Number of protein chains: 2
Amino acid sequence: MQVSRQRATLRLQDVATAAGVSIATASRSLSGAPGVSDTVAERVREVARQMGYVANVHARSLAAGTSRSVGLVVHEIGDPYFAEIASGVLRLGGEEGLTVQICHTGRDPDKELEQIRSLVAHRVGAIVIAGSGFVDPALQAAARQDLQAYREAGGRVAVIGRHHLGVDAVLPENTKGGRAIAEHVLALGHRRLAVATGSRGLTTIADRLAGVEEACTAAGVDFATVQVIEAEFTRAGGKIAAEQILAEHPDVTAILAMNDDMAIGILSVLRLQGIDVPGRISVTGFDDVAVAGDLAPSLTTIRLPMLTMGEHALELALKEPAARPRRRTAGHELVVRDSTGPPG
Amino acid sequence: MQVSRQRATLRLQDVATAAGVSIATASRSLSGAPGVSDTVAERVREVARQMGYVANVHARSLAAGTSRSVGLVVHEIGDPYFAEIASGVLRLGGEEGLTVQICHTGRDPDKELEQIRSLVAHRVGAIVIAGSGFVDPALQAAARQDLQAYREAGGRVAVIGRHHLGVDAVLPENTKGGRAIAEHVLALGHRRLAVATGSRGLTTIADRLAGVEEACTAAGVDFATVQVIEAEFTRAGGKIAAEQILAEHPDVTAILAMNDDMAIGILSVLRLQGIDVPGRISVTGFDDVAVAGDLAPSLTTIRLPMLTMGEHALELALKEPAARPRRRTAGHELVVRDSTGPPG
DNA sequence: GATGTGAACGTAAGCGCTTTCGTAAGCGCT
DNA sequence: AGCGCTTACGAAAGCGCTTACGTTCACATC
């Protein structure tokens with residue numbers, strides 16, 4: 001007895017046979033390439049649909065030398081800042097019929113390189129790298145070199161929020177934003193400030209701090225008197241920073257967190273300790289993550305258009321590469337809410 | 001003059017030539033397959049590293065018939081619930097050396113099918129589908145059929161939070177959780193309840209509501225007297241629901257939101273209207289997203305281990321398929337915080 | 001010393017597509 | 001009828017890998 005051995009999946013050949021055409025015609029019909037009469041093309045498509053044929057992407061990419069997919073590298077997808085960027089990339093990518101590979105690095109430079117390599121291996125058409133780069137020149141150079149090779153092989157790269165990689169970039173106005181938020185606090189009359197920040201080894205943070213320093217200098221406040229507390233760039237880090245500030249610098253009247261996540265942690269500690277915000281201490285954030293406006297008190301912060309930044313970055317990456325790296329600034333906006341007020 | 005035409009990217013052949021071995025030996029060396037002496041294998045690897053060779057994943061997948069990548073389907077990656085699940089999948093996936101393709105559907109059933117097909121086309125080794133399914137049997141059947149074909153072709157599937165697809169599943173205790181949160185509120189003495197929920201056409205929501213109904217019945221509260229307000233399953237939907245509840249049912253003393261996002265929106269509206277929580281109205285959430293504990297008032301909710309659920313789902317999907325679909329329940333935990341108290 | 005054995009390596013046949021090139025047929029023109 | 005031109009299609013050559021199978025050679029066995 002003969003056992004009819006069934007293939008696991010349909011091939012283009014099966015569709016072609018069923019439609020009574022050659023494999024070449026079938027391929028052209030399905031991809032919409034010219035050189036096939038409309039009637040034949042339509043018949044092939046109908047047959048394929050009925051059979052439930054799904055083309056093998058690997059075979060297609062190998063033969064065509066291109067792939068309809070893009071890569072996205074983020075620090076941590078659970079972080080709302082990156083989640084929103086990812087949402088933007090996924091939205092535009094979906095519209096363009098691209099699949100998106102997401103990698104997260106946990107802010108580990110080695111892992112970042114590894115992830116980039118993996119994306120290169122996948123011959124993704126474009127790579128979007130979100131999140132701060134490293135101030136360390138050696139790390140920058142390593143990333144730069146890998147990306148350079150990828151681009152020479154025809155890959156496209158865009159980054160969000162770092163400007164040292166020689167590729168197209170979407171740049172949030174970190175320095176201007178840092179300046180704006182500090183100016184707001186200074187204008188309210190605060191003079192004894194603390195800053196809660198993540199590692200200064202990240203460019204984003206360095207930029208934001210630079211803005212704060214500018215504003216202080218302009219207002220005649222010696223930046224050296226500003227207490228800069230470095231902790232994790234997370235809610236937990238914010239809590240630790242807040243406790244440290246309260247313990248060591250009880251006279252501070254305003255705490256500037258360098259992202260909303262830290263600010264949320266800070267608010268939480270102040271609330272637990274019964275400290276009035278903004279009555280005794282004003283608190284500010286940075287990013288304007290979705291929840292910032294719904295906190296109590298709602299958070300004064302700098303709005304960055306994360307979703308749009310994700311879209312723009314992918315857009316840049318999909319464009320014909322320019323001779324010189326393009327820069328696209330993403331605007332910032334000071335959003336004044338209830339967490340800031342004049343010093344008590 | 002002869003122009004040396006340079007290849008865009010290195011091939012395995014180039015490495016083999018440089019190392020003075022055949023392409024087969026090179027392949028075996030790099031993949032760690034047996035049949036190569038250690039010295040030769042090491043030399044090949046060293047040469048490959050020095051040349052910066054990165055294997056073409058498409059060629060590899062095509063030849064080997066497998067791919068080291070998995071797909072993740074979520075409703076919306078910007079939603080913290082899904083972002084945390086994604087984080088779990090990415091974490092475990094990264095550990096296993098898998099790349100992860102993320103698709104989001106915007107809660108659109110057609111788009112979900114489309115995304116699943118795209119993943120099938122990519123011959124991903126496994127697919128994890130997160131998020132509620134549709135109660136509608138026709139939609140269920142369509143998804144089920146596509147997945148069935150994929151599994152017959154050797155693909156693995158696991159789902160999170162839906163139990164109708166005949167595949168391995170990680171099931172959050174939605175009904176038990178709904179019951180627990182309602183019991184908590186009822187035990188505090190509340191009798192005039194409102195529920196703010198997303199579309200009841202989603203299984204997750206139907207399950208949670210069923211739990212609430214159970215608790216009400218057990219406590220002798222007629223579920224028909226509970227005001228169930230259906231809106232978007234988001235912060236914005238929570239605000240709309242809250243306004244409607246305040247306008248139409250001002251005597252309500254507790255609002256049960258069917259996820260934290262809605263609860264945050266509700267808290268925000270109550271705060272704006274100067275309504276004391278929990279003094280006049282108690283509010284509960286569901287999920288325990290990261291920010292829930294740092295809100296003011298902090299949110300009483302049901303904790304679901306999202307990150308772990310993501311990991312477990314991928315784990316299930318990577319295992320040898322069992323004869324019968326496996327079920328793995330993810331525990332729930334009532335987290336009582338400051339947003340609930342006895343009715344005023 | 002003939003023979004079997006296994007390890008180490010090379011040859012070549014695909015994997016399922018895309019795309020170049022060749023060919024046949026249909027068309028209008030002289 | 002003969003010519004060139006266009007259009008529609010098929011044959012076949014890859015894309016860059018993996019892997020079944022063949023070959024070689026060192027070594028142990030009788």
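A, B, ... follow the sequence lines: proteins, then strands. Residue 1 opens every chain. None of these values were measured; they are calculated from a predicted model.
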Nucleotides 19-28 of chain C: which of its N/O atoms have a protein N/O under 3.5 Å away?
residue : atom : partner : partner atom : Å
C:dT20  : O4   : A:Arg28 : NH1          : 3.4

(message) Could you check whether B:Glu112 pairs with B:Arg107 (Lys NZ or Arg NE/NH1/NH2 to Asp/Glu carboxylate O, under 4.0 Å)?
(response) no
(message) Main chain of B:Gly131, side chain of B:Arg162: is a donor-acceptor contact present, judged purely on distance under 3.5 Å?
(response) yes
(request) Whole angstrom is fine here: how far is it from CG in B:Leu62 over to C1' in C:dG16? (result) 5 Å
(message) Using a 4.0 Å cut-off on heavy atoms, which residues in residues 37-59 of chain A reach DNA chain D? List them by number, or say none.
(response) A:Ser37, A:Val40
(request) Check whether any side-chain N or O of B:Arg156 sits under 3.5 Å from a backbone N or O of B:Lys319 as a donor-acceptor pair, and report yes or no. (result) yes
(request) Give a yes or no on whether the backbone of B:Gly78 and the side-chain of B:Glu76 come within a donor-acceptor separation of less than 3.5 Å. (result) yes
(request) To the nearest Å, give me how far apart CG (A:Leu10) and C1' (C:dC17) are. (result) 14 Å
(message) So A:Gly35, base contact, sugar-phosphate only, or nothing? Heavy-atom distance under 4.0 Å.
(response) base
(message) What is the separation between atom CG on B:Leu12 and atom P on D:dT18, rounded to the nearest whole Å?
(response) 6 Å
(request) Please check if the side chain of B:Ser27 supplies one atom and the backbone of B:Ile23 the other of a donor-acceptor pair under 3.5 Å. (result) no
(request) Tell me, please, which residues at least two apart from A:Phe82 pass ring-ring contact (aromatic ring centres under 6.0 Å, His included). (result) A:His75
(request) Rounded off to whole Å, could you give me the CZ-to-P distance for the B:Arg123 and C:dG16 pair? (result) 8 Å
(request) Determine whether B:His104 and A:Ser87 make a side-chain contact, defined as any pair of heavy atoms from C-beta on separated by less than 4.5 Å. (result) yes
(message) When the axes are fitted on five pairs at both termini, how much does the helix from C:dG1-D:dC30 to C:dT30-D:dA1 curve, in 10° steps?
(response) 50°
(message) Between the side chains of A:Arg117 and A:Glu114, is the shortest nitrogen-to-carboxylate-oxygen separation below 4.0 Å, so that they form an ion pair?
(response) no
(message) Show me the pairs that pass side-chain hydrogen bond (donor to acceptor under 3.5 Å, both in side chains) and involve residues 51-60 of chain A, at least two apart or across chains.
(response) A:His58-B:His58
(message) Using modelled atom types and a 3.5 Å cut-off, is there a donor and acceptor pairing between side-chain atoms of A:Arg328 and backbone atoms of A:Met309?
(response) no
(request) Taking salt bridge (Lys or Arg N to Asp or Glu O under 4.0 Å) as the test, write out the residues that go with B:Arg43, two or more places apart. (result) none
